[in-house]
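The shown structure was predicted, so the numbers you read here are calculated from the model rather than taken from an experiment. Residues: numbered from 1 along the sequence shown.
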Amino acid sequence: MSDAKIRLYVEHPLGAGQSVPLSREHAHYLFGVMRQGVGAPVLLFNGQDGEWRAEVTEAGKRGGSLLCAHQTQPLHMPPDLWLLFAPIKKARTDFIVEKAAEMGARRIVPVQTDFTNAGRVHRDRLQAHAIEAAEQCGGTYVPEVTDMERLERVLAGLGDRQVMFCDEALVGGSPTLPNVAGPWAILIGPEGGFSEKERARLHGLDAAHAVPLGPRILRADTAAVAALTLWQQHLGDW
Ligand code: SAH
């Protein structure tokens, strides 16, 4: 365990002897909110170079800098698992993104389905939630949150990726996932579920595996966490 309690995601190369400038927001957080100063230890990661122990070398109101000493964790990439989900209400969508980052999704894709009933998706805000989740869960990788895309387009661009299609029409069954290695995606529908047209399209895809999630209909946010758990336990890094 490192003595450093604060972890920050930075968009800057990390390595021994590397100096890292602090953004205004990070300086405010470290020196204003957390009352840290020169010499304070901080753990840094950037999604590429693992985690590094650094120390504050300059502390100012609007900025500052850190100096990297040694690596405390190598980069640990999550499995090649994407979460495709239909955005719902703001707070629940934020929850889904936060949980997907903690659970080890590599990419998070908001999808527009026939019954998706959410306004504009603020990609930057969702990406910030993914970063915060990675900071607090000890991850060294931050999943990319993409712009919202139509389900049809997302399905057309999956290549050889398998899809765990969480189909509420199968409620009551027990989930079984085929033992297929390689890239996967989990698909979760909106509050209104999938349309018959979407269901037919998905059942017609060789790479899509329709899976029930037990005997009760789950809310989309619960379904996302349940599906990620199942997949990670069966085919992932748990
Ligand atoms: N309104 C729909 C439920 C939608 S639940 C209905 O009453 O039928 C939101 C999403 O969560 C679904 O589209 C599905 O992807 C997932 N989900 C919820 N419960 C599920 C279950 N028991 N089995 C499979 N998927 C489920």
Looking only at heavy atoms, which two atoms of [X] and [Y] are closest? And how far apart?
X      : Y      : value
His70  : Trp52  : C-CE3, 3.2 Å
Gln73  : Thr140 : OE1-CG2, 3.6 Å
Thr116 : Val111 : OG1-O, 3.6 Å

How about CD on Glu191, more than 12 heavy atoms from neighbouring residues, nucleotides or ligands closer than 6.0 Å, or not? yes
Are there more than 12 heavy atoms of other residues, nucleotides or ligands under 6.0 Å from atom CG of Asp237? yes
Step-by-step side chain to side chain contact (heavy atoms under 4.5 Å, CB included) determination, His28 to Arg24: CA-CA 6 Å; His28 171 73; Arg24 198 186 172 113; 6.0 Å; no
Run Ile96 and Ile188 through side chain to side chain contact (heavy atoms under 4.5 Å, CB included) and show every step you take. CA-CA 10 Å; Ile96 290 176; Ile188 303 288; 5.9 Å; no
Report yes or no: do Glu51 and Thr72 form a side-chain donor-acceptor pair below 3.5 Å? yes
Are any of the side-chain nitrogens in Arg199 or Glu168 under 4.0 Å away from the carboxylate oxygens of its partner? yes
I'd like to know if Asp94 pairs up with Lys99 as an ion pair, taking the criterion as any Lys NZ or Arg NE/NH1/NH2 lying under 4.0 Å from an Asp or Glu carboxylate oxygen. no
Output every pair passing salt bridge (charged side-chain N to carboxylate O under 4.0 Å, His left out) with a member in residues 27-43, not counting sequence neighbours, ordered by first then second residue. none
Are Glu198 and Phe115 close enough that some pair of their side-chain heavy atoms sits under 4.5 Å apart? no
Distance check, rounded to the nearest 0.5 Å: Ile186 atom CD1 versus Leu228 atom CG? 4.0 Å
Quick check for you: to the nearest 0.5 Å, what is the distance between Arg201 atom CZ and Glu196 atom CD? 15.5 Å
Result for salt bridge (Lys or Arg N to Asp or Glu O under 4.0 Å) between Asp221 and one of Lys90, Lys89, Arg92 points to Arg92
Only one of Leu43, Leu30, Asn46 passes side chain to side chain contact (heavy atoms under 4.5 Å, CB included) with Leu8; say which it is. Leu30
Suppose the criterion is ring pair (Phe, Tyr, Trp, His ring centres under 6.0 Å): which pairs have a residue in residues 83-106, not counting sequence neighbours? none
Can you say whether the rings of Trp184 and His209 are parallel (under 30°), tilted (30 to 60°) or perpendicular (over 60°)? tilted
